[in-house]
Amino acid sequence: ATQKSSLLTHQKSVHKGQKFLCQECQHQFSSKSNLTTHQKSMHMGKTFDCPDCDYRARQKDNLVKHQQNVHMGRKFKCPTCGQQLSSKSTLITHHKSVHMGQKF
C-alpha cells in the first residue's frame with residue numbers, strides 16, 4: 001500500500017468512524033483486512049500449525065511468536081534482575097509486579 005492509501009484508510013477508520021462489521025458475530029473492525037483475518041480465523045476454522053509440535057494458532061503472528069519463544073529459545077531479559085522471560089508481555093508483567101510492587 002502506498003503512503004497515500006494508508007493515510008486515507010487511517011482517516012476513514014479513525015477520524016470518520018468507518019467500520020467493517022462481521023455478519024456472523026457483529027464484531028466491528030477498523031479495516032477490511034482485519035475483518036478478513038478475523039473471518040478466516042474465527043469462522044472458517046483456518047489455523048496455523050506449528051511444524052515442531054501440536055500447537056495451533058488462529059493467527060500467523062501468534063505462531064511466529066510461539067516458534068520464537070518455544071523452539072528458538074528467544075528470551076527477554078529483565079534489565080533490573082537479569083531474569084530471562086519468554087515474552088515481552090511476561091517481562092512487563094514481571095517488572096511491574098516484582099520491581100514496582102503492583103498487584104494484579
Side-chain angles (χ1 to χ4, degrees):
T2 65
Q3 287 182 336
K4 186 174 183 178
S5 68
S6 295
L7 176 60
L8 291 174
T9 299
H10 165 81
Q11 289 173 329
K12 286 179 185 176
S13 66
V14 175
H15 302 293
K16 295 180 182 174
Q18 182 179 16
K19 300 292 180 199
F20 296 85
L21 182 67
C22 176
Q23 297 300 315
E24 293 194 45
C25 69
Q26 309 309 307
H27 194 88
Q28 292 184 0
F29 297 89
S30 61
S31 72
K32 185 158 180 67
S33 65
N34 287 349
L35 170 60
T36 301
T37 299
H38 162 80
Q39 289 172 325
K40 286 180 181 177
S41 65
M42 299 303 289
H43 303 300
M44 294 178 192
K46 180 175 181 174
T47 60
F48 297 89
D49 300 339
C50 179
D52 301 312
C53 70
D54 292 335
Y55 179 81
R56 300 177 110 178
R58 289 184 182 225
Q59 295 184 346
K60 187 174 182 178
D61 288 351
N62 291 340
L63 174 60
V64 170
K65 288 176 188 175
H66 161 79
Q67 289 175 309
Q68 289 173 337
N69 295 337
V70 175
H71 301 298
M72 296 177 189
R74 181 176 178 191
K75 299 293 180 191
F76 294 81
K77 185 177 181 179
C78 176
T80 306
C81 69
Q83 183 173 345
Q84 301 279 326
L85 299 131
S86 63
S87 70
K88 186 174 182 179
S89 62
T90 305
L91 170 60
I92 292 168
T93 301
H94 159 82
H95 185 74
K96 287 179 178 178
S97 63
V98 173
H99 303 299
M100 299 176 72
Q102 289 185 14
K103 298 190 182 210
F104 295 92

Exercise. Could you go step by step and tell me if M42 and C25 meet the side chain to side chain contact (heavy atoms under 4.5 Å, CB included) rule?
Worked result: CA-CA 10 Å; M42 299 303 289; C25 69; over 6 Å; no
Problem set entry | Distance (rounded to the nearest 0.5 Å) between D52 CG and H66 NE2 | 7.0 Å
Exercise. Should we say atom NZ of K75 is surrounded by more than 12 heavy atoms from elsewhere, each under 6.0 Å from it?
Worked result: yes
Seminar exercise, completed: Taking every heavy atom of K77 against every heavy atom of L91, the minimum-distance pair comes out as O-CD2, 4.0 Å
Problem set entry | Nearest heavy atoms of D49 and L63, plus distance in Å | O-CD2, 3.8 Å
Exercise. Shortest non-hydrogen contact from L85 to C78?
Worked result: CD1-CB, 4.5 Å
Problem set entry | Minimal non-hydrogen separation, T37 against Q59, with atom names | CG2-NE2, 4.3 Å
Problem set entry | Approximate separation, where rounding is to 0.5 Å, of R56 CZ and C53 SG | 11.5 Å
Exercise. If you take all heavy atoms of Q26 and L21, which pair is closest and at what distance?
Worked result: O-CD1, 3.1 Å
Problem set entry | Option passing side-chain contact (heavy atoms from CB on, under 4.5 Å) with K96 (candidates V98, T93, I92) | I92
Exercise. Can you tell if the side chain of K65 reaches within under 4.5 Å of the side chain of S87, non-hydrogen atoms only?
Worked result: no
For this session: Look at the rings of H27 and H38 and say which category their plane angle falls in: under 30° parallel, 30 to 60° tilted, over 60° perpendicular.
Result: parallel
Exercise. Does some side-chain heavy atom of Y55 sit less than 4.5 Å from a side-chain heavy atom of N62?
Worked result: yes
For this session: I would like to know whether R58 and K40 meet side chain to side chain contact (heavy atoms under 4.5 Å, CB included); could you show each step before the answer?
Result: CA-CA 8 Å; R58 289 184 182 225; K40 286 180 181 177; over 6 Å; no
Exercise. Which heavy atom in F76 sits nearest to a heavy atom in N69, and how many Å separate them?
Worked result: CE1-OD1, 4.0 Å
Exercise. Can you find a heavy atom in the side chain of D61 that is under 4.5 Å from one in the side chain of F48?
Worked result: no
Problem set entry | Interatomic spacing from NZ in K60 to NZ in K46 - rounded to 0.5 Å | 8.5 Å
Problem set entry | Gap separating the NE2 atom of H95 from the CD atom of Q102, nearest 0.5 angstrom | 9.0 Å
Seminar exercise, completed: Interatomic distance, CG@L35 vs NZ@K19, rounded to 0.5 Å, equals 12.5 Å
